[in-house]
S.K.: 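What follows is a single structure, and I will ask about it in a moment.
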Protein chains: 2
Amino acid sequence: MTAEKKAATLGAADASPDQDWPGGTFKKYASSVDVARVAGVSQSQVSRTFSGSSKVSESTRKKVLEAAERLDYRPSLIPRIMLTHKSNLVAIVVGGLYNPFYSTVLEEFMIRFQAAGHQVLLLHIPNDHALDDVIPKLASYRVDAIVSALAILSPAGAATLAKLKIPVIAFNTAVNNEWVTSVSSENFEAGRQIADLFIARGARSFGFISGPSTSPASARRREGYEERLRERGAGPPTVARGDYRYEGGFAAALSMFSGPSRPDALFCANDLLAIGAIDALRERLVLRVPDDVLVAGFDDIPAASWASVGLTTFTPDAAAMVDETISIVLSAANGKPLATKPVVVSAKLIERGTTNRDLRS
Amino acid sequence: MTAEKKAATLGAADASPDQDWPGGTFKKYASSVDVARVAGVSQSQVSRTFSGSSKVSESTRKKVLEAAERLDYRPSLIPRIMLTHKSNLVAIVVGGLYNPFYSTVLEEFMIRFQAAGHQVLLLHIPNDHALDDVIPKLASYRVDAIVSALAILSPAGAATLAKLKIPVIAFNTAVNNEWVTSVSSENFEAGRQIADLFIARGARSFGFISGPSTSPASARRREGYEERLRERGAGPPTVARGDYRYEGGFAAALSMFSGPSRPDALFCANDLLAIGAIDALRERLVLRVPDDVLVAGFDDIPAASWASVGLTTFTPDAAAMVDETISIVLSAANGKPLATKPVVVSAKLIERGTTNRDLRS
DNA sequence: TTGTATGCGTTATCAG
DNA sequence: CTGATAACGCATACAA
């Protein structure tokens, strides 16, 4: 009876399998069964024609292709996911796309994943706390792997992710556990390097504008900076807290330079903060950069190399980081266990005009 | 026999349904059947417990939840897609995330779609030509709708998309057809407004730096600008072609001001171009902005309001555009036909220091 | 309230 | 080379 009914239904569908019906029923997609009927072959042959692997006679192939064309048939990937337990879906979790560093990296990821035959499921997490909201989605769509491109990912957040038993690659945050591997840039060493540069350029007193208090990257950069300053016999830096945004850098610089200690070198946890600080210095405090204050950032966002900015900063080897991440994801997606050792990519110091008058355009 | 075998398999799985097996077999996710067995109830009851709608006795419910917890069970959405023909997946197709305008909009979309219970499948298209590569993916994952946030979408590209018979919303590009609706900002009128502003600020000769030649938005902005200049009795603007990027604006300004005609007002098709042009003017040509040249852009990206930039520009009402897009997508996802009339949202002129000395910080 | 049976659109296996 | 048929994991109509 069911077969009967189906035959009738599809008899009608033959002519127009994806149109409105009198009753309002709407058959959106033709299935391989529909195509098979129109082509006069078995459903298996349709499947084989489209999967390409098996061999199908030329005549059958032609019939199938014609029917498929007529019916606008597109094979669905959904059933395949059920069979193979692989969705070919990779989740990328992002926080602040306002930071050009992350949007650039995201774009790079998309391009690379697409090239590798994976699709990207994009998720947004405003803060670590909201992680719980997206966890269910991640599992429900059976994503093969998760890339966390969050500026902030706490160990607790990482633990939550690990419960999913889906491989997680933490991009730019050095957290690790059984299911979480990290790919991040060298932060501590960068802090040390910039301290040396500042001193070489003649600075005597130092400042630091941090990211959010919960950012491990910001903390590491600061630690390296402070350690090296200590080693070189300089006093500890004055510290103000920013939020990784332009406005935060602007405000932090304003308050820092309204205080008693006015550093003559300022390291900021990222470029947006640094640009905000420079603007506060130049436009509001009428201080000259680099003549009165040296400034450096981290990320090498496009604006850092604008002629009007010329910001000394660190270029994380984003290409290498993306490469590493992709290869980890691909092997994880192939079922191989995660290599648990964290990957650390070095960041290269780029000196521009904000620490060197000779480099001003 | 099959049942026999399955029982055996799952007998083992009971204890550890998602662990490595001696043979290397790996059962990643527990299914509702597994949970049912452990809980000692039928699979239907598990389904009912998790769908929430039907009524399940408290005792059954508790047994199911306990078993699910033990097995780390997460219902899969995949079968549901097969049943309902709705994936709850919305594809967002992006091109240049290097433009902060688009990355900001993308972030807004993600937040809104997630709140509405949809997931975002992100696709990248470097150029209109590459559209064909992603079309199959779009159909294969049975996305409910497609949002095209491409800076450039040709009518031909739109036609290609339409063949999918999936509702498409073209964001910021005014192309339309049976399956493609557009939500874009008012471009022509903006061009007219900026012409008036330039004239009011005393400009006599005019320039325009365009986006890529294929960008309809750029073309419309230019048309409005030229029309109004003509109406006001000014000569036609000198035109140079950029590419929507900082570097393009920089180079275009350089070449334009090396030529015979040096405009004293310059309208750029977007903010990145404008900022590049300003830097070329100030840093390389030693011209003052706004004293020697007035400059305006379009998009109101964050950098436009930086103290060091202070760019006069147009704010597209991005929130309203996203709102409109979301509501179209949601109704389309509910099976309603597309309302085919294009939506146009006005953009608001924001005057800052690059056209007005009094507004310099 | 609970259990049984069926279908969704593929791929894979196994006979012809 | 081709065609049946059995899964995959869930939702749901139907029977109990």
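Numbers restart at 1 for each chain; the letters A, B, ... are given by sequence-line order, proteins then strands.
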S.K.: Would you please indicate yes or no on a ring centroid separation below 6.0 angstrom for B/Phe171 and B/Tyr102?
M.R.: no
S.K.: Quick one: is D/dC10 close enough that its OP1 or OP2 comes under 4.0 Å of any side-chain N or O from B/Ser76?
M.R.: no
S.K.: Which of the following nucleotides, C/dG9, D/dG3, D/dC1, is nearest to the side chain of A/Ser44?
M.R.: D/dG3
S.K.: Determine, using ring centers only, whether B/Tyr73 and B/Phe50 are less than 6.0 Å apart.
M.R.: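 Yes; B/Tyr73 has its ring centre under 6.0 Å from that of B/Phe50.
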S.K.: Quick check for you: among D/dC10, D/dG3, D/dC8, whose closest atom lies nearest to any side-chain atom of A/Arg142?
M.R.: D/dC10
S.K.: Take atom NZ of A/Lys55 and atom P of C/dA12, then tell me their distance rounded to the nearest Å.
M.R.: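 That distance rounds to 13 Å.
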S.K.: Starting at the 5' end of DNA chain C, which residue's closest nucleotide do you reach first, B/Ser59 or A/Met82?
M.R.: B/Ser59
S.K.: OP1 or OP2 of C/dT10 less than 4.0 angstrom from a side-chain nitrogen or oxygen of A/Tyr73, does that happen here?
M.R.: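 True: A/Tyr73 side-chain N/O within range (under 4.0 Å) of C/dT10 OP1/OP2.
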S.K.: In Å and rounded to the nearest 0.5 Å, what is the CD to CZ distance from B/Gln43 to B/Arg37?
M.R.: 11.0 Å
S.K.: Let's test your reading of the model: under 3.5 Å, does the base of C/dG3 pair with the side chain of B/Arg48 as donor and acceptor?
M.R.: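 Yes, the side chain and the base share a sub-3.5 Å donor-acceptor pair.
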S.K.: Using atom CG of B/Asn88 as one end and atom P of D/dA11 as the other, report the distance to the nearest whole Å.
M.R.: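 In whole Å, D/dA11 P lies 13 Å from B/Asn88 CG.
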S.K.: Looking at D/dT2, D/dC8, C/dG3, which one has an atom nearest to any side-chain atom of A/Thr60?
M.R.: D/dT2
S.K.: Over how many whole Å does the gap from B/Ile78 atom CD1 to D/dA7 atom C1' extend?
M.R.: 17 Å
S.K.: Working to the nearest 0.5 angstrom, can you tell me the gap between B/Ile125 CD1 and B/Leu123 CG?
M.R.: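 B/Ile125 atom CD1 to B/Leu123 atom CG measures 7.0 Å (nearest 0.5 Å).
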S.K.: Between D/dT5, C/dG3, D/dA11, spot the one nearest the side chain of B/Gln45, thanks.
M.R.: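 From the listed options, C/dG3 comes nearest.
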S.K.: Within the pair A/Ser57 and D/dC1, is there a side-chain N or O less than 4.0 Å away from OP1 or OP2?
M.R.: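 No, no such contact exists.
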S.K.: Any base atoms under 4.0 Å from A/Val56, or only sugar-phosphate, or nothing? Heavy atoms, all strands.
M.R.: sugar-phosphate
S.K.: Determine which bases of DNA chain C form Watson-Crick or G-U wobble pairs with both distances under 3.5 Å, and write the result as a 5' to 3' dot-bracket string with | for other-strand partners.
M.R.: |.||||||||||||||
S.K.: Separation of B/Leu77 atom CG from D/dC8 atom C1', in whole Å?
M.R.: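 Rounding to the nearest Å, CG of B/Leu77 and C1' of D/dC8 are 15 Å apart.
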S.K.: Could you tell me how far apart A/His85 (NE2) and C/dT10 (C1') are, to the nearest whole angstrom?
M.R.: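 Rounding to the nearest Å, NE2 of A/His85 and C1' of C/dT10 are 14 Å apart.
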S.K.: How would you label the contact of B/Leu83 with the nucleic acid (heavy atoms, under 4.0 Å): base, sugar-phosphate, or nothing?
M.R.: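 If one applies the 4.0 Å heavy-atom cut-off, B/Leu83 turns out to touch a base.
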S.K.: Have B/His124 and A/Glu107 got a donor and an acceptor in their side chains that come within less than 3.5 Å?
M.R.: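 On atom types as modelled, these side chains qualify, holding a pair under 3.5 Å.
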S.K.: OP1 or OP2 of D/dA11 versus the side-chain N and O atoms of B/Ser47: is any pair under 4.0 Å?
M.R.: yes
S.K.: In the structure I gave you, are the side-chain heavy atoms of B/Ile92 and A/Leu122 within less than 4.5 Å of one another anywhere?
M.R.: no
S.K.: Calculate the interatomic distance between A/Ile81 atom CD1 and C/dA12 atom C1'; express it in whole Å.
M.R.: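 For the pair A/Ile81 CD1 and C/dA12 C1', the rounded distance is 17 Å.
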S.K.: Kindly compute the distance separating CZ (B/Arg142) from CD1 (A/Ile78), expressed to the nearest 0.5 Å.
M.R.: 7.5 Å
S.K.: Do any side-chain atoms of residues 149-164 of chain B form donor-acceptor pairs under 3.5 angstrom with protein atoms, and if so which ones, sequence neighbours left out?
M.R.:
from: B/Ser154; atom 1: OG; to: B/Asp128; atom 2: OD2; distance (Å): 2.3
from: B/Ser154; atom 1: OG; to: B/Gly157; atom 2: N; distance (Å): 2.9
from: B/Thr160; atom 1: OG1; to: B/Ala156; atom 2: O; distance (Å): 2.9

S.K.: Atom NZ of B/Lys63 to atom C1' of C/dT1: distance rounded to whole Å?
M.R.: 12 Å
S.K.: For the side chain of B/Pro79, starting at C-beta, report the closest nucleotide among D/dC10, C/dT2, C/dG9.
M.R.: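 Among the listed nucleotides, the one closest to the side chain of B/Pro79 is D/dC10.
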S.K.: Where the side chain of B/Gln43 is concerned, which of D/dC1, D/dG9, D/dC10 is the nearest nucleotide?
M.R.: D/dC10
S.K.: Could you work out which one of D/dG3, D/dG9, C/dT1 sits closest to the side chain of A/Val41?
M.R.: D/dG3
S.K.: Suppose we call a contact any N or O donor and acceptor under 3.5 Å apart; does that hold for the side chain of A/Thr84 and the base of C/dT11?
M.R.: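 Answer no: no donor N or O sits under 3.5 Å from an acceptor.
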